[in-house]
Amino acid sequence: AAVVNGEQIKVSELDAAVARIQHMSGAVAADLRHRALNELIAERLVLQEARKAGITVSKEEIAAAAAEARIASGLNETAFQQAMKSMYGTEGEYEKDLEHRLVIDRLIARKVVQPGTDPRTAGRSVNQWLQDLSERDTARVALTDQMSGPGVSYFNTREGQAPTCDRAARIGCDLGR
């Protein structure tokens, strides 16, 4: 589906992201492919920055975040497991997504948003940072007929509009840290 600084985003990843967004929003899948791909590109760019900065999270932090999410959901263990599998397919995919969220949160807290920043200002700071990041880095996207009509065209973030990232709200970032 795309290549971000040499790192591939597979069509299967895009399909899974579309399914998750559709599950959460109830939107029509055809309208979600572009949105999901933008989110995956933005996520990949941010995760690459986190790797460069040496930001990681432990298995214990992932387990704690999973436990907090289950409690916050208000569901019992069985219902939570069913909902998680419905959205992510496997517990491993859910934990991978949690790991990504935690790493992104940590990167944003360390590098982008100062502690105590109000959410509106924090959101603008994150969006500007993502814009700067996407202008610096390259994402090549093969747009097939599923996304833009017949044929294949390419999108390069250096030449076109940067991927949007409303993911900050979706992933539960506490941008005001």
Find out if a path of hydrophobic residues (ILVMFWY) with successive side-chain heavy-atom gaps under 4.5 Å connects L75 to L98. yes

Would a single hydrophobic cluster contain both I41 and V3, if residues Ile, Leu, Val, Met, Phe, Trp and Tyr are joined by side-chain heavy-atom contacts under 4.5 Å? no

SB check D132 R136 (cutoff 4.0 Å): no

Gap between atom [atom2] of [Y] and atom [atom1] of [X] - 0.5 Å precision:
{"X": "H34", "Y": "L14", "atom1": "NE2", "atom2": "CG", "value": "11.0 Å"}
{"X": "I21", "Y": "M87", "atom1": "CD1", "atom2": "CE", "value": "9.5 Å"}
{"X": "R124", "Y": "Q131", "atom1": "CZ", "atom2": "CD", "value": "15.5 Å"}
{"X": "E7", "Y": "Q48", "atom1": "CD", "atom2": "CD", "value": "4.5 Å"}
{"X": "R20", "Y": "E39", "atom1": "CZ", "atom2": "CD", "value": "9.5 Å"}
{"X": "N5", "Y": "L133", "atom1": "CG", "atom2": "CG", "value": "8.0 Å"}

Considering non-hydrogen atoms only, spot the tightest contact between [X] and [Y] and give its length.
{"X": "A66", "Y": "F80", "value": "O-CZ, 4.3 Å"}
{"X": "V4", "Y": "I9", "value": "CG2-CD1, 3.8 Å"}
{"X": "A50", "Y": "L107", "value": "N-CD2, 3.8 Å"}

Which side-chain hydrogen bond (donor to acceptor under 3.5 Å, both in side chains) pairs, counting each pair once, include a residue from residues 66-76, with sequence neighbours left out? R70-E77

In sequence, state the C-alpha distance, the side-chain angles, and the governing distance for E99 and L102, and then conclude on side-chain contact (heavy atoms from CB on, under 4.5 Å). CA-CA 5 Å; E99 178 184 10; L102 293 169; 5.8 Å; no

Less than 4.5 Å apart, any side-chain heavy atom of [X] and any of [Y]?
{"X": "T78", "Y": "Q81", "result": "no"}
{"X": "M84", "Y": "T90", "result": "no"}
{"X": "L130", "Y": "L45", "result": "no"}
{"X": "V113", "Y": "W129", "result": "no"}
{"X": "E61", "Y": "R106", "result": "yes"}

Applying side-chain contact (heavy atoms from CB on, under 4.5 Å) to T56 and R51, what does each step give before you reach the verdict? CA-CA 8 Å; T56 61; R51 269 195 303 272; over 6 Å; no

Ignoring hydrogens and angles, state whether a donor on the side chain of S125 or Q128 is under 3.5 Å from an acceptor on the partner side chain. no

Can you list everything that forms a side-chain hydrogen bond (donor to acceptor under 3.5 Å, both in side chains) with K52? Sequence neighbours excluded, please. E49

